[in-house]
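Working notes, beginning with the structure itself.
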Amino acid sequence: MQISTLSFSFPLHPGDTRAFRAAIVEQIGLGNSLFHGHDNSEPGVTKYTHQYPLIKFGVYRGRAFIMGMGAGAQAILRQLIPALPDQLLIAGRPCDTSDFKLTNRQWEPEVLSEYRTFGLYQWVALNKDNYESWKEHEGRPAARRLILDRCLTGQLRNLAKQTELAEKREQIVARILRTDKVKRIQWKSAKFIAFNVVAESNFNPPAGLGLGRCHSFGFGEVCSERRYQLLTVKKSKQAVTNT
């Protein structure tokens with residue numbers, strides 16, 4: 001499965017990721033649901049799709065990027081790049097897009113015979129029902145970890161549903177090995193809990209993809225060990241410096 005990443009040189013604050021997506025959608029049009037996450041099956045009806053988003057908007061080292069997987073990668077190559085102007089207006093600021101960089105890589109999804117470890121940064125794991133269950137188990141870390149195990153397993157199975165492993169997705173199992181940070185965040189008008197965790201699974205998602213809620217906006221980044229350490233240690237040092 002192809003993964004394509006379109007990287008830009010202009011700086012972008014993570015808080016402007018939503019405005020970045022809106023600027024792209026304005027260029028590409030609402031007819032392409034891969035870019036905006038809406039279900040266009042019923043004309044005139046606005047609703048969200050529950051499928052794993054195949055296009056992700058984010059910020060890497062302070063620079064904007066768009067990542068697409070499978071059909072999302074093809075949409076970037078065949079639809080977005082030809083329609084991309086030399087300048088985008090993002091949150092009222094003109095941004096030069098003419099010197100973008102395109103990278104492509106292949107991912108071969110598979111159900112493994114052993115578990116592999118990866119990190120998840122700012123993972124918004126819980127939906128409304130899971131959050132209520134999470135609150136009910138305050139002071140019971142083992143029970144809370146089982147809730148996170150189920151959430152991650154379900155999210156990986158949802159990702160696998162978009163690959164040739166759709167029929168094998170029930171074999172996928174994931175476990176949380178360590179929770180390093182739990183933080184309350186606000187996205188749009190809603191409040192969530194984000195986790196920094198180390199996990200393992202017999203289905204290893206490729207680095208750079210996202211899992212959980214809001215992951216098409218950069219939350220829940222799947223990280224290699226080195227990337228995870230870089231993100232978590234850097235943020236911890238910044239917090240100490242700012243106190």
Single-linkage hydrophobic cluster, 4.5 Å side-chain cutoff, [X] and [Y] together:
{"X": "Leu231", "Y": "Tyr228", "value": "no"}
{"X": "Val182", "Y": "Leu152", "value": "yes"}
{"X": "Leu88", "Y": "Val59", "value": "yes"}
{"X": "Tyr115", "Y": "Phe203", "value": "no"}
{"X": "Ile28", "Y": "Leu34", "value": "yes"}

Enter the distance from [X]:[atom1] to [Y]:[atom2] here, rounded to the nearest 0.5 Å.
{"X": "Phe219", "Y": "Leu120", "atom1": "CZ", "atom2": "CG", "value": "14.0 Å"}
{"X": "Leu165", "Y": "Arg169", "atom1": "CG", "atom2": "CZ", "value": "10.5 Å"}
{"X": "Lys56", "Y": "Leu54", "atom1": "NZ", "atom2": "CG", "value": "13.5 Å"}
{"X": "His215", "Y": "Glu221", "atom1": "NE2", "atom2": "CD", "value": "12.0 Å"}
{"X": "Gln122", "Y": "Cys223", "atom1": "CD", "atom2": "SG", "value": "10.0 Å"}
{"X": "Trp123", "Y": "Thr179", "atom1": "CH2", "atom2": "OG1", "value": "8.0 Å"}

Residues which pass salt bridge (Lys or Arg N to Asp or Glu O under 4.0 Å) with Arg18, listed by chain and number, not counting sequence neighbours: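 Salt bridge (Lys or Arg N to Asp or Glu O under 4.0 Å) check on Arg18 returns nothing, list empty.
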With sequence neighbours excluded, residues passing salt bridge (Lys or Arg N to Asp or Glu O under 4.0 Å) with Arg144: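 Testing Arg144 for salt bridge (Lys or Arg N to Asp or Glu O under 4.0 Å), a comparison that skips the adjacent residues, returns none.
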Would you mind listing every ring-ring contact (aromatic ring centres under 6.0 Å, His included) that reaches into residues 127-146, with sequence neighbours excluded?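 Applying ring-ring contact (aromatic ring centres under 6.0 Å, His included) to every pair that reaches into residues 127-146, excluding sequence neighbours, yields Trp134-Phe195.
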What heavy-atom pair brings [X] and [Y] nearest, and what distance separates the two atoms?
{"X": "Gly72", "Y": "Ile55", "answer": "CA-CG1, 3.7 Å"}
{"X": "Leu211", "Y": "Leu159", "answer": "CD2-CD2, 4.3 Å"}
{"X": "Ile76", "Y": "Gly68", "answer": "CD1-N, 3.4 Å"}
{"X": "Ser224", "Y": "Ala207", "answer": "N-CB, 4.4 Å"}
{"X": "Val124", "Y": "Ile185", "answer": "CG2-CD1, 3.9 Å"}
{"X": "Gly92", "Y": "Pro94", "answer": "O-CD, 4.0 Å"}

Atom CD of Glu138 with >12 non-hydrogen neighbours under 6.0 angstrom: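 Counting neighbours around CD of Glu138, 12 or fewer heavy atoms of other residues, nucleotides or ligands fall under 6.0 Å, so no.
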Over 12 non-hydrogen atoms of neighbours within 6.0 angstrom of CD in Gln87: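 Above 12, so yes.
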Do the side chains of [Y] and [X] get nearer than 4.5 Å, heavy atoms only?
{"X": "Val222", "Y": "Pro206", "result": "no"}
{"X": "Val198", "Y": "Phe118", "result": "no"}
{"X": "Phe10", "Y": "Ile90", "result": "yes"}
{"X": "Leu209", "Y": "Met69", "result": "yes"}
{"X": "Thr5", "Y": "Leu102", "result": "no"}
{"X": "Glu132", "Y": "Lys135", "result": "yes"}
{"X": "Asn204", "Y": "Leu112", "result": "yes"}
{"X": "Cys151", "Y": "Leu126", "result": "yes"}

Looking at residues at least two apart in the chain, or sitting in another chain, which of them share a side-chain contact (heavy atoms from CB on, under 4.5 Å) with [X]?
{"X": "Ala73", "answer": "Gln2, Ser4"}
{"X": "Phe100", "answer": "Leu6, Phe8, Ile81, Leu84"}
{"X": "Ser113", "answer": "none"}
{"X": "Asp129", "answer": "Asn127"}

Decide yes or no on side-chain contact (heavy atoms from CB on, under 4.5 Å) for Ile3 and Gln106, but give the supporting numbers first. CA-CA 6 Å; Ile3 297 176; Gln106 290 293 323; over 6 Å; no
With a 6.0 Å cut-off on ring centres, are Phe20 and Phe57 close enough?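 Yes, the ring centres sit under 6.0 Å apart.
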Start with the C-alpha distance between Arg184 and Lys191, add both sets of side-chain angles, then the distance that settles side-chain contact (heavy atoms from CB on, under 4.5 Å), and finish with yes or no. CA-CA 7 Å; Arg184 293 188 180 274; Lys191 294 182 179 180; over 6 Å; no
Stepwise, does the side-chain contact (heavy atoms from CB on, under 4.5 Å) test hold for Thr153 with Arg150? CA-CA 5 Å; Thr153 296; Arg150 290 196 297 269; 5.7 Å; no
Please answer whether the main-chain N or O of Leu177 pairs with a side-chain N or O of Arg145 as donor and acceptor at a distance below 3.5 Å.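 Pair found, side chain donor or acceptor close to backbone of Leu177.
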Is a side-chain donor or acceptor of Thr97 paired with a backbone partner of Pro85 at a separation under 3.5 angstrom?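 Yes.
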If a pair satisfies salt bridge (Lys or Arg N to Asp or Glu O under 4.0 Å) and one of its residues is in [range], list it, with sequence neighbours excluded.
{"range": "residues 57-81", "answer": "none"}
{"range": "residues 201-215", "answer": "none"}
{"range": "residues 194-205", "answer": "Arg175-Glu200"}
{"range": "residues 104-125", "answer": "Glu114-Arg116"}

Modelled atom types, side-chain donor and acceptor of Asn196 and Thr232, under 3.5 Å: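 Their side chains do not contain a donor-acceptor pair, so the 3.5 Å distance test is not met.
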For Phe217, check ring-ring contact (aromatic ring centres under 6.0 Å, His included) against everything at least two apart and list the hits.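 ring-ring contact (aromatic ring centres under 6.0 Å, His included) check on Phe217 returns Trp187.
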